[in-house]
Amino acid sequence: MIKKIKKNPQLTIGLFITVIVIFAAVFAPLIAPYDPIDDANLLNSLESPGSEFKLGTDRQGRDIFSRIIFGARISLSIGIITQIINTFIGVSLGLIAGYAGGKIDDLIMNITNIMLSIPPLILALAIMAVLGPGLINIFIALGFTLWTYTCRVTRAQTLSIKKKEYISAARAIGASNFRIIFKHILPNIIGPVLVIATFGVASAILIESSLSFLGIGAQPPTPSWGTMLSNGRDYIWTAPWIMIYPGIAIVMTILGLNLMGDGIRDYLDPHKKG
Amino acid sequence: MLIYVIRRIAQSAAAILILLTLLFVVLNVLPGDAALLAGDLRMAKNEEVIANIRAKWGLDKPLHIRYLTYMGNLLRCDLGTSYRTSNKVIDLIIPKLFSTIKIVITAFIAAVIVGIFLGFMAALYRGTLIDVILMIIAILGISMPRFWLGLMLMYYFAVIHNFLPASGTGDGSFLFIILPALTLSIPMIALIARTTRSAVLDEINHDHVRTARAKGLSNSAVNIKHIFRNSLLSIITIVGLQLGTVFANTVVVEKVFAWPGIGDLVVNSIFKRDIPAIQGCILVFALCFILINLFVDILYAFLDPRISYS
């Protein structure tokens with residue numbers, strides 16, 4: 001297996017970057033030299049990067065590096081938690097639609113297609129408009145909007161597996177629907193679902209940072225990467241480091257997750273390697 | 001074919017109708033008393049004032065009557081009246097939409113020309129340094145959040161080198177369009193180039209291409225008539241999808257460059273809790289997306305006669 005991963009540079013690089021981000025998030029209090037919120041000192045306001053503050057400070061004199069490290073916690077928890085909810089909704093609806101067929105299938109797929117006809121950022125904006133700004137509301141807005149793709153893929157896979165002979169065989173020996181779904185169908189769709197979930201974590205992180213950048217996501221002083229960039233815009237002439245480094249953190253995280261997604265897809269299906 | 005087109009139009013109409021209904025229910029039922037939000041009178045607990053506001057915006061009527069009124073007005077292209085400025089929402093939206101379309105079209109034309117050209121080059125020179133560099137740019141372009149890309153372009157071109165204006169519309173000259181349009185187009189270029197490359201690579205090894213070369217056609221004739229024309233189908237699909245989402249992406253790009261478009265309007269309306277304006281803007285975004293997708297699907301049906309759409 002290690003040999004296989006070595007042959008797959010995308011997976012190796014993606015995994016490497018993602019592990020670094022997870023490590024930063026988990027051990028944030030140990031890595032960060034300062035507190036991301038409380039260590040504000042106006043005497044250190046807008047310091048450029050140097051020996052004391054590696055990546056400089058913001059208007060309130062807070063250390064940018066520490067805030068980026070703690071920001072990884074917010075981005076990753078948004079990405080992972082919302083994706084768990086989405087995957088659960090998507091897989092459940094996809095399995096029901098694919099397995100039951102008929103009117104239930106039509107209903108679920110119509111809802112899915114309508115959801116797909118609105119860009120996710122706009123859908124999230126509409127929900128945030130109703131719920132109001134705030135980090136918790138982002139979990140709600142993203143947790144219930146990004147499941148459509150998972151649902152479509154799960155349904156398509158279920159439809160093709162349902163026709164296989166081993167399903168008829170299982171049914172012939174008297175297996176219940178419940179058993180067929182959980183023992184025979186579900187294990188066969190985990191691969192593609194995992195790939196979509198990896199890309200989904202990346203897009204949830206991107207949408208969260210966009211909403212926070214617009215000012216309707218995480219609110220200051222929460223060290224969200226999007227909020228930091230939004231502040232940085234005002235200091236682009238005097239203190240560009242405020243907007244440069246959090247952006248690099250976002251790009252690296254998204255790049256890592258996208259490479260990992262591509263890598264897992266190639267790993268699971270070597271024929272499709274393009 | 002005709003049946004496919006009609007069914008596709010009906011589907012889009014249904015999607016728009018359901019979307020409108022959902023938007024109406026969600027925005028009017030959930031956030032509590034719209035009159036309080038509209039008047040921002042949570043401080044002044046004057047029942048009479050609140051009742052007046054309710055009566056003014058028709059919020060004292062039952063929900064289903066309000067829904068029917070809203071739908072009826074929509075048929076007459078009336079999106080309601082802004083709670084904040086008392087202007088017609090449609091009058092707020094149209095100049096902003098026009099302003100957004102300016103950057104969207106500039107970005108789109110640039111992305112299609114540059115993206116297809118780069119993808120084609122990468123495929124023809126596959127495995128060389130050109131190919132590798134182009135594909136690294138492509139994956140970076142996809143992973144970069146647009147607002148950060150915009151900030152970096154602003155930093156490079158406006159702050160360090162000072163040869164493009166940083167933000168706003170200025171005197172309306174084309175110089176002000178360049179940076180927002182460039183920000184919108186770079187991720188599109190990346191995606192179009194990637195798709196073009198793999199579509200062309202699929203085509204390049206086909207028998208008919210080899211036959212064309214064998215019968216002595218010139219290189220450019222083979223490239224254009226046999227490879228490019230056949231790979232156009234998958235390119236059109238991705239280009240169409242991109243045009244649909246590019247409107248949504250203007251929301252963040254307009255914030256970066258303080259561009260007074262519809263994205264700017266929706267964000268401000270959210271802050272002001274101006275429900276009719278939010279409703280109108282989101283409707284416009286969804287309409288653009290749905291109509292463009294409908295157009296691409298129909299175009300696709302005409303371009304690819306092999307597939308039956310019955």
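Bear in mind the structure is a predicted one, so any value in this text is a computation, not a measurement. Numbered from 1 within each chain, the chains take letters A, B, ... in sequence-line order.
- W148(B) places a side-chain N or O within donor-acceptor distance of the main-chain N or O of M243(A), the cut-off being under 3.5 Å.
- Here the straight-line distance linking atom OH of Y155(B) with atom CD1 of I244(A) works out to 5.0 Å at 0.5 Å rounding.
- Atoms CG and CD1, on L283(B) and I122(A) in that order, are 11.5 Å from each other to the nearest 0.5 Å.
- Considering CG of L125(A) and CD1 of I282(B), their distance stands at 6.0 Å, rounded to 0.5 Å.
- For the options G150(B), C281(B), A286(B), A248(B), heavy-atom pairs under 4.5 Å to chain A are most numerous at A248(B).
- At a 4.5 Å heavy-atom cutoff, the contact between V251(B) and chain A is made by backbone and side-chain atoms alike.
- The residue among I216(A), L214(A), L255(A) with the most heavy atom pairs within less than 4.5 Å of chain B is L214(A).
- Of the two parts of I139(B), the backbone and the side chain both hold a non-hydrogen atom closer than 4.5 Å to a non-hydrogen atom of chain A.
- Residue with the most contacts toward chain B among P133(A), P240(A), S230(A): P240(A) (heavy-atom pairs, distance under 4.5 Å).
- When the options V251(A), I250(A), L206(A) are evaluated for a side-chain contact (heavy atoms from CB on, under 4.5 Å) with M144(B), the one that passes is V251(A).
- Contact of L121(A) with chain B is made through the side chain alone, with heavy-atom distances under 4.5 Å.
- Using a 4.5 Å cut-off between heavy atoms, L151(B) touches chain A through backbone and side chain atoms alike.
- By the 6.0 Å contact criterion, CZ on F139(A) is enclosed, its count of non-hydrogen atoms from other residues, nucleotides or ligands being greater than 12.
- Only the side chain of D262(A) comes within less than 4.5 Å of a heavy atom in chain B; its backbone stays farther off.
- Of the listed residues I248(A), I205(A), L123(A), I127(A), the one with more heavy-atom pairs under 4.5 angstrom with chain B than any other is I248(A).
- Counted within 6.0 Å of CZ on F108(B), heavy atoms from surrounding residues, nucleotides or ligands total more than 12; the atom is thus considered enclosed.
- Residue R152(A) places its CZ atom among 12 or fewer non-hydrogen atoms of other residues, nucleotides or ligands, all under 6.0 Å distant.
- If you measure heavy-atom distances from V266(B) to chain A, the contacts under 4.5 Å come from the side chain alone.
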